[in-house]
S.K.: 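Pasting a structure here, questions to come.
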Amino acid sequence: MAALLLYAIAKGAPGFDLGKGFATNGYAEHSPGHYDLLSALLTEVVMAMLFLFVIMGSTHGKAPAGFAPLAIGLCLTLIHLVSIPVTNTSVNPARSTGPALIVGGAALTQLWLFWIAPLIGGVLGGVIYRWLSDEPRGQVIGTSA
């Protein structure tokens, strides 16, 4: 829905050309910097992994209260600054899917990478964070129904 809204706005500009990519994600000739598949894969996996790591760390019970939005927002800003030239930045399959559905063609054929890489990165980020962080000290007690 967000991509459709952006398309409705963007097409009102003189000279708008959907063929220029509409900020779709891509690799090889569809990458802003013409980075190959391996570079795109590594970039997206590492960026998603770091993003999840920062999210988990900044929302941990021992993290200072109230700073999570700042840490998460600054991390996402850094991720975009680093990876826009490589893939146009995904780290979120929904962000990649909307524009790809509107543009079609190569954006759809390369969409698999922008689903697989963030999922792999998310799993790696969670596993590494769990491995490096302290074990939970509290005991979870529930009631059975």
Side-chain angles (χ1 to χ4, degrees), residues 1-138 140 142:
M1 292 307 297
L4 283 173
L5 176 62
L6 289 174
Y7 174 69
I9 293 168
K11 73 178 185 172
F16 172 74
D17 182 7
L18 189 60
K20 291 182 180 177
F22 196 55
T24 56
N25 301 114
Y27 55 88
E29 65 274 5
H30 303 289
S31 157
H34 300 285
Y35 287 84
D36 64 10
L37 171 61
L38 181 59
S39 297
L41 175 67
L42 290 172
T43 299
E44 290 293 330
V45 167
V46 169
M47 294 301 142
M49 179 185 71
L50 291 173
F51 192 41
L52 188 73
F53 198 89
V54 168
I55 291 169
M56 292 180 71
S58 63
T59 59
H60 189 277
K62 293 182 178 180
F67 286 96
L70 181 62
I72 293 167
L74 288 173
C75 179
L76 190 56
T77 300
L78 180 61
I79 286 169
H80 279 79
L81 291 173
V82 169
S83 61
I84 283 175
V86 182
T87 63
N88 255 344
T89 307
S90 175
V91 301
N92 176 352
R95 178 267 178 263
S96 302
T97 302
L101 290 173
I102 292 172
V103 172
L108 280 175
T109 62
Q110 294 186 356
L111 185 59
W112 66 270
L113 175 73
F114 302 101
W115 273 82
I116 298 297
L119 292 172
I120 293 170
V123 168
L124 287 173
V127 168
I128 293 170
Y129 182 82
R130 182 71 172 147
W131 177 58
L132 292 175
S133 68
D134 293 335
E135 291 293 320
R137 301 210 193 304
V140 177

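The figures here come from the full heavy-atom set of this structure, side chains too, leaving out hydrogens, waters and symmetry mates. All of these numbers come straight from a predicted model, not from anything done at the bench.
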S.K.: Hey, can you pull the donor-acceptor pairs under 3.5 Å for the side chains in residues 65-72, sequence neighbours left out?
M.R.:
none

S.K.: Evaluate the side-chain proximity of Val86 to Leu42: yes if any heavy-atom separation is below 4.5 Å, no if none is.
M.R.: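 No, too far: nothing below the 4.5 Å cut-off.
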
S.K.: Let me confirm one number: the OG-CG distance from Ser96 to Leu108, rounded to the nearest 0.5 Å.
M.R.: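 Going from OG on Ser96 over to CG on Leu108, the span is 11.5 Å.
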
S.K.: Going from NZ on Lys11 to CD1 on Ile102, what distance comes out if it is rounded to the nearest 0.5 angstrom?
M.R.: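 The distance works out to 10.0 Å.
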
S.K.: To the nearest 0.5 Å, how far apart are CE in Met47 and CD1 in Ile79?
M.R.: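 It is 6.5 Å, given to the nearest 0.5 Å.
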
S.K.: Do Leu50 and Val54 touch side chain to side chain, with heavy atoms closer than 4.5 Å?
M.R.: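 Side chain of Leu50 against side chain of Val54, heavy atoms only: no contact under 4.5 Å found.
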
S.K.: With heavy-atom distances below 4.5 Å as the criterion, would you say the side chains of Asn25 and Arg95 are in contact?
M.R.: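 When only atoms from C-beta onward are counted, Arg95 and Asn25 do touch, with a gap below 4.5 Å.
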
S.K.: Measuring from atom CZ of Phe22 to atom CG of Leu6, what distance do you get when rounded to the nearest 0.5 angstrom?
M.R.: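 That separation rounds to 5.5 Å.
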
S.K.: Can you tell me which residue pairs pass the side chain to side chain donor-acceptor pair (under 3.5 Å) test with a partner in residues 37-51, sequence neighbours excluded?
M.R.: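 Found Asp36-Ser39, Glu44-Thr87.
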
S.K.: Assess the residue pair Asn92 and Phe51 against the criterion (side-chain contact (heavy atoms from CB on, under 4.5 Å)); give the C-alpha distance rounded to whole Å, side-chain angles, the decisive distance to 0.1 Å, and a yes or no.
M.R.: CA-CA 10 Å; Asn92 176 352; Phe51 192 41; over 6 Å; no

S.K.: Once rounded to the nearest 0.5 Å, what's the spacing between atom CD1 of Ile116 and atom CG of Leu41?
M.R.: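 The distance works out to 9.5 Å.
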
S.K.: Testing the basics here: between Ala48 and Gly122, what is the closest heavy-atom pair and its distance to 0.1 Å?
M.R.: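 Distance-wise, the nearest heavy atoms are CB-N, 4.3 Å.
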
S.K.: To the nearest 0.5 Å, tell me how far Met56 CE sits from Ile128 CD1.
M.R.: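 Reported to 0.5 Å precision, the distance equals 11.0 Å.
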
S.K.: Below 4.5 Å, heavy atoms only, C-beta onward: do Leu52 and Tyr129 meet side chain to side chain?
M.R.: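 No, their side chains stay 4.5 Å or more apart.
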
